[in-house]
Protein chains: 2
Amino acid sequence: MTAPSIRARVRAELTEEIKAVARRHLAADGANLSLRAVARDLGMVPSALYRYFPSRDALLTALITSAYDDMGAAVEAAEAAVPRADPRGRWLAVCGAARTWALEHPAEYALIYGSPVPGYAAPQDTVGPASRVIVAVVAVLFDGAAAGHLAQGPATPMPPALLADLRELMGKWPGPEPLPREWAAVPAEAVLAVAMTLWTQLFGLISFEVFGRLEAMLAARQEYFDHQVEVMADFAGLAPTDR
Amino acid sequence: MTAPSIRARVRAELTEEIKAVARRHLAADGANLSLRAVARDLGMVPSALYRYFPSRDALLTALITSAYDDMGAAVEAAEAAVPRADPRGRWLAVCGAARTWALEHPAEYALIYGSPVPGYAAPQDTVGPASRVIVAVVAVLFDGAAAGHLAQGPATPMPPALLADLRELMGKWPGPEPLPREWAAVPAEAVLAVAMTLWTQLFGLISFEVFGRLEAMLAARQEYFDHQVEVMADFAGLAPTDR
DNA sequence: CCAAGTCAAGAACAGCGTTCTCGCTTCGTG
DNA sequence: CACGAAGCGAGAACGCTGTTCTTGACTTGG
């Protein structure tokens, strides 16, 4: 590992600067990011950008990856700030951090959780950052279940095909290895099913709010979100922790 | 009311044909709809389209409105096919119809439930068609509540601001007038809150599936959806109807 | 020190939404 | 029926976009 040459350093810096300017344009103009406008802002000619990103899609991919990572880091930080023994509090922290990040970065949120770009297929390196939030949710629920906080089994049993899918999903758990010892006792499939419900509801909520679908209906959107998150915690059986 | 002139008739027909071709292009190419490509398909010159739609955004608006109406009609038809006394069945029908429509028209679904177009503000005439699905959900839940199917009140009470919003929302109920007499007895705010939870979860589910976010996780997506919808019915307290 | 590699610039191409002007056709009305 | 008005399609043009290729200057490693 030799020290990077001057050229390599300035190249890395410029790459970051391009991404920063592109993020600014994204926030200002919405999804239609113009390569030429970014180049103008940097005092470059459009073709020069192609030394750093092979296409506009590649630049978008870089923004997508860092958006996933940014949101994931915010969520993980908020979750880690709550005592491990308080799963409900950790769940509320995850939700609040995700919503706050989304409201503060609506364009980037739209990039990662909005309609996918037509000809665009997410490359492999986005799946890791993309799963950080759901991984956090699953971890919280497992800890909760291990502590005895788990909703009664659903009235309607899971179909076998879904059970098999969830079992396989649990097999390639991307979280820290090895799995915590307490988790061995919890019914993994049931917890995973609940996690997916909460995950869907959480991002459904955030998307509706960020995309303005609640604007005409509700003024008290903060209260609405907080209430929904509490209801979901009840649904999941996460008991309030007396502090 | 005089008979429309020949010119008016052919104009209406051509307008419809433009929309049809645009829908085809939307389905093929995704969201980046090219006015010029549509014109080419119609054997017209691009500027001629401006006699029918003042801008590309106006054409998109027309597509959005008809997409809302199309989905709303599909949902209402499916719901009407179930006996009125079977709210759980009606809820399942609503969900299934919404999902089916979305999977069959992914581009149009992305247009109406994906990230909003940057500079674009939905005009007033889209709010009617846009609310058909949630109106159906609310009607089903009210009927269910009137028949005694209603979940226990949530463990966490609603904050006053949210209560006020829901009350006001109920005031401008866009469904058929007057309200059914049986509905007078049901706790409107509680039912509305549940309706919004279900609504969010339903479109969260559909969006995740249509936008491909489940593809890497679950193979049995049909079973997953059906199961989730049953769990939500339980959550709402919609009892199964023995037929 | 020099060949190889990297870089920014510039010109060019095809495609896009949109505007304007021009003849031609159709309409409502006197 | 006739005539001015309005609607219509074609064509050219403008400024924007992403992308490619070529050219000349600069930095790097052997």
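Side chains included, hydrogens not; waters and symmetry mates left out as well; all remaining heavy atoms used. Per chain, numbering begins at 1; letters A, B, ... match sequence-line order.
Near DNA chain D, meaning a heavy atom under 4.0 Å away, the residues from residues 7-14 of chain B are Arg7(B), Arg11(B), Leu14(B).
Heavy atoms of Phe53(B) sit nowhere under 4.0 angstrom from any nucleic acid atom. Contact annotation for Leu59(B): no contact, since no heavy-atom pair falls under 4.0 Å across all strands. Heavy atoms of Ser47(B) sit under 4.0 angstrom from at least one base atom. Base contact: Arg51(B) has a heavy atom under 4.0 Å from a base atom. Counting any heavy atom pair closer than 4.0 Å across all strands shown, Leu49(B) reaches no nucleic acid atom.
Looking at which nucleotide of DNA chain C each of Ala48(A) and Arg56(B) is closest to, the 5′-most match is held by Ala48(A). Nearer to the 5' terminus of DNA chain C, by closest-nucleotide assignment, is the contact made by Tyr52(A) (compared with the other of Tyr52(A) and Leu33(B)).
In this structure, Arg36(A) has no side chain to side chain donor-acceptor pair (under 3.5 Å) partners at least two apart in sequence or on a different chain. Partners of Gln228(B) according to the side chain to side chain donor-acceptor pair (under 3.5 Å) rule, which considers only residues two or more places apart in sequence or in another chain, are Thr197(A), Tyr224(B). The salt bridge (Lys or Arg N to Asp or Glu O under 4.0 Å) check on Arg132(A) picks up Asp69(A), Glu76(A), with sequence neighbours excluded. Residues satisfying the side chain to side chain donor-acceptor pair (under 3.5 Å) test with Arg221(B), not counting sequence neighbours, are none. Contacts of Glu209(B) classified as salt bridge (Lys or Arg N to Asp or Glu O under 4.0 Å), with partners at least two apart in sequence or in another chain: Arg99(B). The salt bridge (Lys or Arg N to Asp or Glu O under 4.0 Å) check on Glu17(A) picks up nothing, with sequence neighbours excluded. Legend: residues meeting side chain to side chain donor-acceptor pair (under 3.5 Å) with Asp41(B), ordered by chain and number and at least two apart, are Arg24(B), His25(B). Every residue two or more places apart in sequence or in another chain was checked for a salt bridge (Lys or Arg N to Asp or Glu O under 4.0 Å) with Glu223(B), and none qualifies.
Put simply, chain A comes within 4.0 Å of DNA chain C, heavy atom to any atom, from dG5(C) to dA12(C), going 5' to 3'. Protein chain B touches strand DNA chain D; the 5'-most and 3'-most nucleotides with an atom under 4.0 angstrom of its non-hydrogen atoms are dA6(D) to dA13(D).
Within the structure, the side-chain hydrogen bond (donor to acceptor under 3.5 Å, both in side chains) test picks out the following pairs touching residues 161-170 of chain B (sequence neighbours left out): Arg167(B)-Glu189(B).
Side-chain atoms of Ser115(B) come within 3.5 Å of backbone atoms of Ser115(A) as a donor-acceptor pair (strictly under, hydrogens ignored).
Ring to ring, Phe208(B) and Trp199(A) are close: their centroids are under 6.0 angstrom apart.
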